[in-house]
Amino acid sequence: MKQQSESISASNPNRIQVVFKRDPPKKTNEPLSASINSIVHSELSILFNELEGLVGLTEAKKTIYEIYALHQINKEREKHGLHLEKQVFHMVFKGNPGTGKTTVARLFGKIFREMGILTKGHLIEVERADLVGEFIGHTAQKTRELVKKAMGGILFIDEAYSLARGGEKDFGKEAVDCLTKSLEDLNNDFICIIAGYNEEMENFLELNPGLPSRFPIHIDFSDYNVDELLQIAHIMTKNKDFELTVEASDKIRRSLMTIVNNPFQMNFSNARHIRNCIEKAIRVQAVRLLRSNELSREDLIHLKAEDFAL
Ligand SMILES: Nc1ncnc2c1ncn2[C@@H]1O[C@H](COP(=O)(O)OP(=O)(O)O)[C@@H](O)[C@H]1O
Ligand SMILES: [Mg+2]
């Protein structure tokens with residue numbers, strides 16, 4: 001489970017460092033320092049706090065903070081007339097469904113806008129059917145139009161590998177070629193994020209030699225563990241002005257343990273599963289409450305174990 005601890009930086013006692021620790025430890029030995037409290041730009045600090053409020057997602061948080069740091073340091077370098085490090089921010093998001101890829105992409109768009117890297121920061125989410133056309137030339141036209149729509153923001157291509165599924169004669173290849181061309185222009189005011197299952201994304205990049213160098217940033221979205229899923233459940237209910245009773249929380253935990261420990265479990269949708277369970281429980285609670293004559297605030301807030309059909 002993620003714990004958050006605050007420590008005062010030795011070099012600058014006014015600067016509070018928020019250090020994130022998770023167990024089991026991730027690949028890196030370095031503590032993840034996200035000094036978000038030192039961000040002065042208020043809208044940006046709100047967005048960074050929103051990102052921090054999401055459970056887990058260590059790699060995504062670390063990467064966006066690195067980009068923020070680079071951006072700030074570039075401003076300092078500019079003052080001294082030094083060469084400015086210009087980087088490409090097209091990204092690959094790898095992970096199972098419901099691990100937060102779309103949510104993070106949407107937030108990244110807004111953060112990039114506040115940093116001045118993107119002018120609008122909106123997210124255009126597309127999949128194969130949006131890009132691939134039905135006749136020669138149609139695909140390039142559709143793809144170009146979507147890139148145009150995404151200008152100033154993020155073009156998010158879900159299950160990008162489905163573009164390579166149909167083989168040589170498939171129009172998906174035309175979409176990949178057209179996209180590759182759009183990515184070449186360094187000065188383009190847009191960022192492309194391709195997303196999908198880990199292995200499929202790796203294969204897709206391997207099979208399209210033009211792509212890997214254009215997507216220098218890879219972010220892994222790992223499956224949430226039971227503690228994290230439960231934490232997400234509590235956050236989601238709280239955000240909706242509901243509360244899980246202890247019994248309800250225990251029931252969800254037991255159900256999650258069974259799912260997570262089942263080696264044959266397929267298609268588990270992580271946080272989306274939690275969202276669906278809670279939305280269903282809210283409907284069941286409503287039916288339960290309608291049977292009572294008088295309802296207290298507590299009645300309206302509490303989601304009980306019996307509301308969860310797990
Ligand atoms: N770390 C998290 N904390 C809280 N809610 C989350 C988190 N990750 C995902 N969610 C929620 O789960 C749902 C699915 O997330 P989404 O970003 O659509 O996943 P993906 O794009 O990887 O399939 C959304 O409702 C989102 O708000
Ligand atoms: Mg998604």
Side-chain angles (χ1 to χ4, degrees), residues 1-4 18 20-23 26 32 34 36 46-65 91-111 121-131 146 150 153-163 191-201 204 217-244 249 252 256 259-260 266-282:
M1 190 163 138
K2 191 184 82 170
Q3 300 153 27
Q4 184 176 323
V18 183
F20 292 94
K21 299 175 196 154
R22 281 180 77 196
D23 51 14
K26 290 272 159 189
L32 182 62
I36 50 173
I46 291 170
L47 291 167
F48 265 100
N49 275 316
E50 196 177 324
L51 183 66
E52 282 308 332
L54 294 172
V55 175
L57 304 169
T58 321
E59 274 200 35
K61 291 170 182 174
K62 186 166 174 268
T63 306
I64 197 71
Y65 195 71
M91 305 180 191
V92 185
F93 281 10
K94 295 178 286 187
N96 290 331
T99 48
K101 299 184 294 297
T102 304
T103 308
V104 166
R106 192 162 282 122
L107 260 173
F108 274 17
K110 293 179 187 166
I111 290 175
H122 62 301
L123 184 89
I124 300 285
E125 186 169 0
V126 300
E127 51 181 33
R128 184 190 152 94
D130 302 302
L131 295 163
L146 283 167
I154 289 184
L155 181 66
F156 183 90
I157 309 177
D158 214 4
E159 307 219 15
Y161 34 76
S162 60
L163 292 172
I191 287 171
C192 182
I193 298 179
I194 51 176
Y197 291 102
N198 202 331
E199 236 170 83
E200 276 91 338
M201 289 310 289
F204 174 61
I217 299 174
H218 288 219
I219 301 182
D220 278 316
F221 288 72
S222 19
D223 285 338
Y224 297 114
N225 62 32
V226 171
D227 281 337
E228 288 171 329
L229 289 166
L230 206 58
Q231 210 181 330
I232 289 171
H234 281 279
I235 293 172
M236 276 182 184
T237 40
K238 192 161 176 268
N239 288 344
K240 292 170 186 277
D241 273 347
F242 285 92
E243 213 175 280
L244 297 170
S249 183
I252 299 172
L256 288 173
I259 295 171
V260 170
M266 302 283 280
N267 308 323
F268 174 59
S269 60
N270 282 277
R272 189 169 298 117
H273 169 81
I274 299 290
R275 174 165 296 266
N276 293 339
C277 285
I278 288 166
E279 285 175 359
K280 173 103 172 59
I282 290 173

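Bear in mind the structure is a predicted one, so any value in this text is a computation, not a measurement. Note that ligands are numbered from 1 as they come in the structure, with each ligand's atoms numbered from 1 the same way.
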Pick out which of Ile191, Leu123, Ile193, Ile124 makes a side-chain contact (heavy atoms from CB on, under 4.5 Å) with Leu155. Ile124
Is the count of non-hydrogen atoms from other residues, nucleotides or ligands lying under 6.0 Å from Asn239 atom CG greater than 12? yes
Classify the ring geometry between Phe221 and Phe93 as parallel (under 30°), tilted (30 to 60°) or perpendicular (over 60°). tilted
Find out whether Tyr197 and Pro97 are in side-chain contact, i.e. whether some heavy atom of one side chain is under 4.5 Å from a heavy atom of the other. yes
Residue pair Val92 / Met201: nearest heavy atoms and the distance that separates them: CG1-CE, 3.7 Å
Which of Ile259, Ile252, Leu256 passes side-chain contact (heavy atoms from CB on, under 4.5 Å) with Val226? Answer is Leu256
Is there an N/O/S atom in Thr102 that lies less than 2.8 Å from the Mg ion (ligand 2)? yes
Could you please provide the protein residues found below 4.0 Å of ligand 1 on a heavy-atom basis, arranged by chain and number? Leu54, Val55, Leu57, Asn96, Pro97, Gly98, Thr99, Gly100, Lys101, Thr102, Thr103, Tyr224, Ile232, Met236, Ala271, Arg272, Arg275
